[in-house]
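These notes are about the structure you will find just below.
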Amino acid sequence: VTHGATSGYGYGVLGDYKTLNTYYYNGWYYLYDVTKPMNGVIETRDANNGTTQGGYSVDSNNAFTSSGQAADVDAHKYAGIVYDYYYNTHNRNSFDNAGSTIISTVHYSTNYNNAFWNGNQMVYGDGDGTTFIALSGALDVVAHELTHAVTERTAGLIYQDQSGALNESMSDVFGYFVEPNDYLMGEDVYTPGISGDALRSISDPTAYGQPDHMNDYYYTSSDNGGVHTNSGIPNKAAYNTIVSIGKTKAEKIYYRALTVYLTSSSDFSDARAALLSSTADLYGYGTEYTAVENAWDAVGVY
Ligand SMILES: Cc1cc(C(=O)NCC(F)(F)F)no1
Ligand SMILES: [Ca+2]
Ligand SMILES: [Zn+2]
């Protein structure tokens, strides 16, 4: 056979061994995953510290074990995990629900302390080694970024003020749903020299300078109206909901709100209403409905 799907392996950003869905063609192994249902494809590229999309991440022997390949390994593996989460839990085939290829680029720029969805693909910096290490090394970060793509193709929440904070919150909340072992965001790649901290917390947003109540909404012109700050308010409401009705019901309610009820201009009050409508659709007007009301009452959103 001259080309086809292969199974490789490598070490991630934290030095952890993992198997990889790769593709062999003409003497090279590619980080190109063709194993997903409905012909969904996941491909990983390397910008080599430039700011282009970069070429495919390739290896000569299907062992992605060099230090420079660690960010590629995790971007590829975690994109596959997030694909699987949306397909298996919500029957969604890729970010557009039409099986579009999920593209990631790693080693973007130099000392770049961030990751983003650019409208077409995910992009990850390496961090400066103090504030962040390579950002694809955190599954919740990968889920955060891919959820921006889902949001863009569904509710389309405008990235400004309250709709923008909701956009950010959806990414953090689905970051939790994909990686539910803690209520922290980005902890695996944040401040390698400090243990126990994170970029954000949905259980206690105030731990990292975010408000957890409307009384403390941060009015600012920076950061698109403080979208990474004010997301603390809907994040806390989501945490309240998860604790009261459990992850399994909460993720169904959030996915239905995102895909059926929320629109581009939805504000926090609209989000409360969307989540209540979703809860009623799925579980009626009983304990789950009351729990969602209480969750949003507690953050001062009516
Ligand atoms: C301030 C600020 C926070 C973020 C942020 O959340 N980035 C996404 C992440 F996944 F890289 F964390 N960007 O600017
Ligand atoms: Ca986490
Ligand atoms: Zn974001």
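Numbering of ligands and ligand atoms starts at 1, following listing order. Reckoned from all heavy atoms, side chains included, excluding hydrogens, waters and symmetry mates.
With a heavy-atom cut-off of 4.0 Å, Leu199 touches ligand 1 through its side chain alone.
The nearest protein atom to atom 3 (C) of ligand 1, hydrogens excluded, is given as His228 CD2, 3.5 Å; this is a heavy-atom distance. When hydrogens are left out, the protein atom nearest atom 10 (F) of ligand 1 is Glu145 OE2, 3.1 Å; that is the closest non-hydrogen contact.
Near Leu135, the atoms of ligand 1 lying under 4.0 angstrom from a non-hydrogen atom of the residue are 11 (F). Every atom of ligand 1 is numbered from 1 in the order shown, and the set under 4.0 Å from a heavy atom of Arg200 is 3 (C), 5 (C), 6 (O). Each of the atoms 5 (C), 7 (N), 8 (C), 9 (C), 11 (F), 13 (N), 14 (O) of ligand 1 lies under 4.0 Å from some heavy atom of Asn114.
For Asp140, the N, O or S atom with the smallest separation from the Ca ion (ligand 2) is OD2. Minimum-distance N/O/S atom of Asp182 relative to the Ca ion (ligand 2): OD1. The atom name of the N/O/S atom in Glu179 closest to the Ca ion (ligand 2) is OE1.
The one candidate from Asn88, Asp33, Asn93 that meets the side-chain hydrogen bond (donor to acceptor under 3.5 Å, both in side chains) condition with Tyr83 is Asn93.
The aromatic rings of His90 and Tyr86 are tilted relative to each other, their planes meeting at an angle between 30° and 60°. Under the 30°/60° scheme for interplanar angles, the aromatic rings of Tyr11 and Tyr9 are found to stand perpendicular. Below 30°, between 30° and 60°, or above 60°: for Tyr183 and Tyr176 the angle between ring planes is below 30°, a parallel geometry. Between Tyr112 and Tyr108, the ring-plane angle classifies as perpendicular under the 30° and 60° cut-offs.
Taking backbone and side chain together, Ala138 holds no N, O or S atom under 3.0 Å from the Ca ion (ligand 2). Residue contacts to the Ca ion (ligand 2): Asp188 brings no N, O or S atom closer than 3.0 Å.
His144 contributes NE2 and Glu168 contributes OE2; the angle these two atoms make at the Zn ion (ligand 3) is 130°, rounded to 10°. Taking the Ca ion (ligand 2) as the apex, the angle formed with OE1 of Glu187 and O of Leu184 is 80°, to the nearest 10 degrees.
Looking at Asp16 and Lys18, a side-chain N of the basic residue comes within less than 4.0 Å of a carboxylate O on the acidic one, giving a salt bridge. One finds no salt bridge joining Lys236 and Asp204 here, because no Lys/Arg side-chain nitrogen approaches an Asp/Glu carboxylate oxygen to under 4.0 Å.
Relative to the six-membered ring of Tyr87, Lys36 misses at least one condition, a distance below 6.0 Å or an angle of at most 45° to the axis.
Cluster annotation: Leu275 is not connected to Val260 through the hydrophobic network of ILVMFWY side chains, with a link wherever side-chain heavy atoms come within less than 4.5 Å.
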